[in-house]
Amino acid sequence: MKADFSKIIRDSIKITRSNKRLWVFGLVLASLGAGANYFSSGGNIGDMVKEVQKQGSGTTIEQQVPQIPQRDDKTNLLNSNLLTSNLPQILGATTSLAGLVKTIPYSFYAGLTLLILICIVIFTAVSLYGQSWAQSGLIHGINSEGSGESLSLNQMSDKGKLNAVEVIKIRILPGLAFALLIIASTSMLIIPGMLLSEAGKILIVLMGIVWVIAVVIASIILGASVNLGVLAINLESLKWKAGFGRGFRIFKKFLVDYFIMSIINCFAGCVFGVASMIGLL
């Protein structure tokens, strides 16, 4: 089923211009490093899901660099004598600093490392929740706007909080399982390749090429299923497993539309980035 992409773009621009509250969640996503492109032209869940698939001068370098005045032999000799006379103090200070570092107990370094890891975990958790909350709120805001209903900022925020945890799960758990599968399959190729003869190694190389192609295809399917699953979680109130399955089924049904819409999103992002850079310059 081919989507009306021109209508999707017109409606998405109209929705974005008419509801400035959507910009708040978009800015949150941008500040947290997450991109979000959502298009809506319909008033129900089916339409929402389909549309988504759907820098000179002539000055030389020598002229620009200031010329360093030449020093005579007496000046060089004086500087050399000063350096030689101060060398014991410099070496002594360096030795004292090294000795001070050695006096610090290993428990201090262990505690410092643990503190850094805890800060990283907390920052990552807060960032993930903020992304999921903002993305979910944005989805509900766009969907309601396409249905003729304008939600307030608080209403979009409340709806986004309801599904934020499930969105986090669908963004982490399938990817984690996929990573473990890649590690296991890679080991199954590398270990036999080290033990087999030359003829066997050639076979392993051929299998490796097929493996790389399969990983690329699986990565595309995984990414599409997750992105569409996020929509299903919010618009159909599903848990992450059901949302992932729903996203996969939608991807199979609207495969061509999804890739075309992804290309349009990528092109629009590139144009916006170039325009922003020109504006800054």
Side-chain angles (χ1 to χ4, degrees), residues 1-19 22-23 25-30 32-54 131-132 134-148 160 163 167 170-171 174-175 178 210 212-236 238 240 242-278:
M1 180 177 181
K2 186 177 180 180
D4 189 351
F5 298 105
S6 61
K7 184 176 185 301
I8 293 175
I9 296 174
R10 290 195 306 269
D11 289 344
S12 63
I13 294 175
K14 179 181 177 181
I15 290 174
T16 305
R17 293 177 60 184
S18 62
N19 192 348
L22 297 175
W23 299 11
F25 292 97
L27 289 173
V28 172
L29 284 171
L32 292 174
N37 288 301
Y38 300 103
F39 298 84
S40 175
S41 65
N44 52 50
I45 294 173
D47 291 335
M48 181 63 182
V49 172
K50 295 176 183 178
E51 292 159 7
V52 173
Q53 279 76 16
K54 311 222 176 203
Q131 290 178 18
S132 301
Q135 186 177 19
S136 299
L138 189 59
I139 291 173
H140 285 287
I142 294 175
N143 185 57
S144 62
E145 194 73 24
S147 304
N163 305 111
V167 172
I170 198 174
R171 290 203 173 278
F178 185 63
V210 175
V212 170
I213 297 174
V215 168
V216 172
I217 295 175
S219 299
I220 295 174
I221 297 175
L222 176 66
S225 300
V226 169
N227 291 332
L228 295 173
V230 171
L231 288 174
I233 287 174
N234 285 280
L235 301 179
E236 299 180 9
L238 301 176
W240 76 269
F244 183 81
R246 174 70 169 146
F248 176 70
R249 291 190 294 271
I250 294 174
F251 174 70
K252 289 196 303 181
K253 185 175 181 180
F254 301 99
L255 179 64
V256 177
D257 291 346
Y258 180 86
F259 280 112
I260 294 176
M261 197 70 250
S262 298
I263 293 173
I264 293 175
N265 286 343
C266 182
F267 178 76
C270 291
V271 171
F272 179 78
V274 171
S276 299
M277 289 300 298
I278 293 176

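A quick note: this is a predicted structure, and the numbers were derived from the prediction, not measured.
- In this structure, A232 and R246 approach most closely via the heavy-atom pair CB-CG, 3.5 Å.
- Of all heavy-atom pairs spanning G175 and L222, the tightest one is CA-CD2, 4.2 Å.
- A side-chain contact (heavy atoms from CB on, under 4.5 Å) with L228 is found for one member of F254, Y258, F248 and no other, namely Y258.
- N227 places a side-chain N or O within 3.5 Å of a backbone atom of G223 that can act as its donor or acceptor partner.
- With contacts defined as side-chain heavy-atom distances shorter than 4.5 Å, the pair V215/V212 does not qualify.
- Rounding to the nearest 0.5 Å gives a distance of 12.0 Å between CG of D257 and CD1 of I250.
- You'll find the side chain of V226 stays beyond 4.5 Å of the side chain of W240, heavy atoms only.
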Verdict with supporting geometry, V230 and R171, side chain to side chain contact (heavy atoms under 4.5 Å, CB included): CA-CA 8 Å; V230 171; R171 290 203 173 278; 3.8 Å; yes
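- Closest non-hydrogen pair, G141 versus S144, comes out as O-OG, 2.9 Å.
- Residues V167 and Q131 fail the side-chain proximity criterion, which asks for heavy atoms closer than 4.5 Å.
- In this structure, N265 CG and C270 SG are separated by 11.0 Å, a value rounded to the nearest 0.5 Å.
- Residue S225 holds its OG atom at 11.5 Å from CD1 of I220, rounded to the nearest 0.5 Å.
- Closest heavy-atom contact between H140 and N163: NE2-OD1, 3.5 Å.
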